[in-house]
There are 2 protein chains.
Amino acid sequence: MNPAVEDYLKMIYEFESDRKDQYVKNARLAEQFGYTIQSINEMIKRLKGMGLVEYKPYRGVRLTDKGRKEALKLVRAHRIWEVFLSDKLGLPWEALHDEAEKLEHAVSEAVLERLYAFLGRPEYCNHGNPIPDQTGHMAPTYKKSLFSSSVGETVVIKRVVDYKPLLNHLNKLDLSLNDQVRILEKDTFAKLIKVDKNGELITISQTIAETIYVTQD
Amino acid sequence: MNPAVEDYLKMIYEFESDRKDQYVKNARLAEQFGYTIQSINEMIKRLKGMGLVEYKPYRGVRLTDKGRKEALKLVRAHRIWEVFLSDKLGLPWEALHDEAEKLEHAVSEAVLERLYAFLGRPEYCNHGNPIPDQTGHMAPTYKKSLFSSSVGETVVIKRVVDYKPLLNHLNKLDLSLNDQVRILEKDTFAKLIKVDKNGELITISQTIAETIYVTQD
DNA sequence: ATAAAAGATAAGGTCTACCTTAATATATGG
DNA sequence: CCATATATTAAGGTAGACCTTATCTTTTAT
Ligand SMILES: [Mn+2]
Ligand SMILES: [Mn+2]
Ligand SMILES: [Mn+2]
Ligand SMILES: [Mn+2]
């Protein structure tokens with residue numbers, strides 16, 4: 001298990017969590033990684049040879065139990081490092097991902113468990129994604145989007161998509177995890193939602209509001 | 001600068017610190033890394049091409065200023081991670097090196113500086129090696145060996161060679177960094193030294209005592 | 001001075017993880 | 001039902017970082 005293999009497993013895992021029980025298309029992986037489809041194909045064959053994925057031509061790829069177990073370890077390491085970088089070193093949320101992307105491959109399970117304990121066994125990373133425990137179990141994923149909320153509702157931001165341009169945009173809008181907002185207006189034609197955060201009026205496009213997940217307060 | 005290149009620079013740096021202004025022999029690198037001399041030769045050529053080392057056939061290799069600067073960054077990262085792993089996660093000193101060997105390559109300078117501050121800008125790692133600051137300056141290296149001490153002297157252990165079998169042996173002898181010991185007896189024929197630590201009698205071979213560095217108390 | 005030891009170089013090989021160009025197979029929607 | 005879009009496979013290439021086998025050069029110690 002080297003960084004390249006690990007990153008493939010993690011990516012496949014993340015795609016699988018989006019659209020449950022779907023095969024992941026090689027083309028999607030190619031696009032996401034910025035590699036050619038041929039390279040993806042080669043690696044998929046290697047992963048298959050290692051018993052980490054199941055592959056059906058023209059359908060796509062899917063993790064085996066063994067592959068999923070490995071992927072979960074990586075997801076776990078990634079999110080634990082994010083918590084460390086944020087909580088202990090004070091890195092802003094848009095910087096966490098890239099750093100964790102490297103650290104996740106550089107740590108033994110023994111050190112990871114100690115780090116996890118040191119951080120107080122956090123259940124979520126600083127983007128609101130659940131952190132699997134040693135057995136692979138994790139807290140629920142917030143699935144209700146801000147845009148799906150109704151006018152008058154008061155909600156709390158609990159998860160955002162971990163994508164740097166989005167996080168930078170949220171910084172500009174002055175929106176952070178655990179912020180409480182009240183839906184003032186929702187215009188499905190203009191594709192906008194207006195919310196109130198502590199007396200501050202914030203206007204958010206539908207596209208952005210669909211990448212923000214909330215709980216009703 | 002990738003992990004392989006970084007590890008070569010660090011190794012050359014460490015050999016250079018031992019025997020000042022000496023060229024490092026490719027054979028020594030080969031032995032230490034466990035690679036063939038041919039492989040070392042190839043890599044040395046690459047390092048030379050990158051302007052990181054100066055190489056004289058039959059004499060050896062030496063870091064350029066550029067190479068030394070890079071090497072120092074790695075030494076710094078390595079030792080800072082060791083402090084983290086020991087002080088915050090409680091890893092025993094014999095486990096620090098292997099873990100730091102991976103983490104040192106996985107961290108940006110920005111994160112490293114934050115980590116350094118988080119740890120309280122330590123001057124020494126947990127084996128007593130000085131940690132260079134951002135400019136490359138560092139506290140002095142302890143150079144007086146335990147075996148060179150005289151009977152009757154009371155000394156404090158300030159540095160040990162970071163070599164796992166040695167550290168395990170010191171654990172068995174119940175010797176740690178900052179322990180205070182008094183030299184009871186030194187037998188240059190039997191190649192032994194006997195010390196008292198808090199009423200406990202500890203017998204140490206010359207070879208081992210020469211890998212332990214002390215200050216006079 | 002010279003032979004043995006130490007060190008360097010040459011040539012060819014492997015494996016990983018990427019790439020390009022080109023051919024081929026499948027899916028599907030009009 | 002078949003054309004076009006989508007997906008796959010083939011073939012060959014590169015660069016890094018290792019390897020082995022073999023030859024050649026320099027140093028050094030007697
Ligand atoms: Mn990664
Ligand atoms: Mn995250
Ligand atoms: Mn290393
Ligand atoms: Mn150390």
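Each chain gets a letter, A, B and so on, in the order its sequence line appears, and its residues count up from 1.
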Please state how far atom CD1 in B/I40 lies from atom C1' in D/dC19, giving the value in whole angstrom units.
12 Å

Heavy atoms under 4.0 Å is the rule here; annotate nucleotides 22-30 of chain C 5' to 3' with B where the base is hit, S where only the sugar-phosphate is, and - elsewhere.
B--BS----

Starting at NZ of B/K56 and ending at C1' of C/dT9, how long is that distance when rounded to a whole Å?
20 Å

Just jot down the salt bridge (charged side-chain N to carboxylate O under 4.0 Å, His left out) partners of A/E42, sequence neighbours excluded, or say none.
none

Under 6.0 Å between the ring centres of B/F84 and A/F84?
yes

From CZ of B/F33 across to C1' of D/dC18 the rounded distance in Å is 13 Å

Rounded off to whole Å, could you give me the CE-to-C1' distance for the B/M43 and D/dG16 pair?
8 Å

Measure CG/B/N2 against P/C/dT16 and give the value in whole Å, please.
18 Å

Minimum-distance nucleotide (side-chain atoms of A/I37 versus C/dT20, D/dT8, D/dC19):
D/dT8

If the condition is salt bridge (charged side-chain N to carboxylate O under 4.0 Å, His left out), which residues does B/K158 pass it with, not counting sequence neighbours?
none

I want to check one thing: is the phosphate of C/dC18, taken as OP1 and OP2, less than 4.0 Å away from some side-chain N or O of A/Y8?
yes

Decide if the gap between the ring center of B/H97 and the ring center of B/H78 is smaller than 6.0 angstrom.
yes

NA contact type, A/G34, heavy-atom cut-off 4.0 Å: base, sugar-phosphate, or nothing?
sugar-phosphate

Using whole Å, what does the distance between atom P of nucleotide D/dC18 and atom NZ of B/K45 come to?
15 Å

To the nearest Å, how far apart are A/N41 CG and D/dA11 C1'?
14 Å

Under the 3.5 angstrom rule, does the side chain of A/T64 hit a backbone N or O of A/L52 as a donor-acceptor pair?
yes

Hey, do the aromatic rings of B/Y55 and B/Y23 have their centres closer than 6.0 Å?
no

Using a strict heavy-atom distance below 4.0 Å, which residues from residues 25-32 of chain B are in contact with DNA chain C?
B/K25, B/N26, B/A27

Who are the salt bridge (charged side-chain N to carboxylate O under 4.0 Å, His left out) partners of A/K186, not counting sequence neighbours?
none

B/I44 has an atom CD1; how far is it from atom C1' of C/dT9, in whole Å?
14 Å

Listed nucleotide nearest any side-chain atom of B/Y55, set C/dT9, C/dC18, D/dC19
C/dT9

Are any of the side-chain nitrogens in B/K10 or B/E104 under 4.0 Å away from the carboxylate oxygens of its partner?
yes

Run the salt bridge (charged side-chain N to carboxylate O under 4.0 Å, His left out) test against A/D87 and tell me which residues pass, sequence neighbours left out.
none

Consider the side chain of B/E42, meaning its heavy atoms from C-beta on, and name the nucleotide among C/dT9, C/dG12, D/dT8 that approaches it most closely.
C/dG12

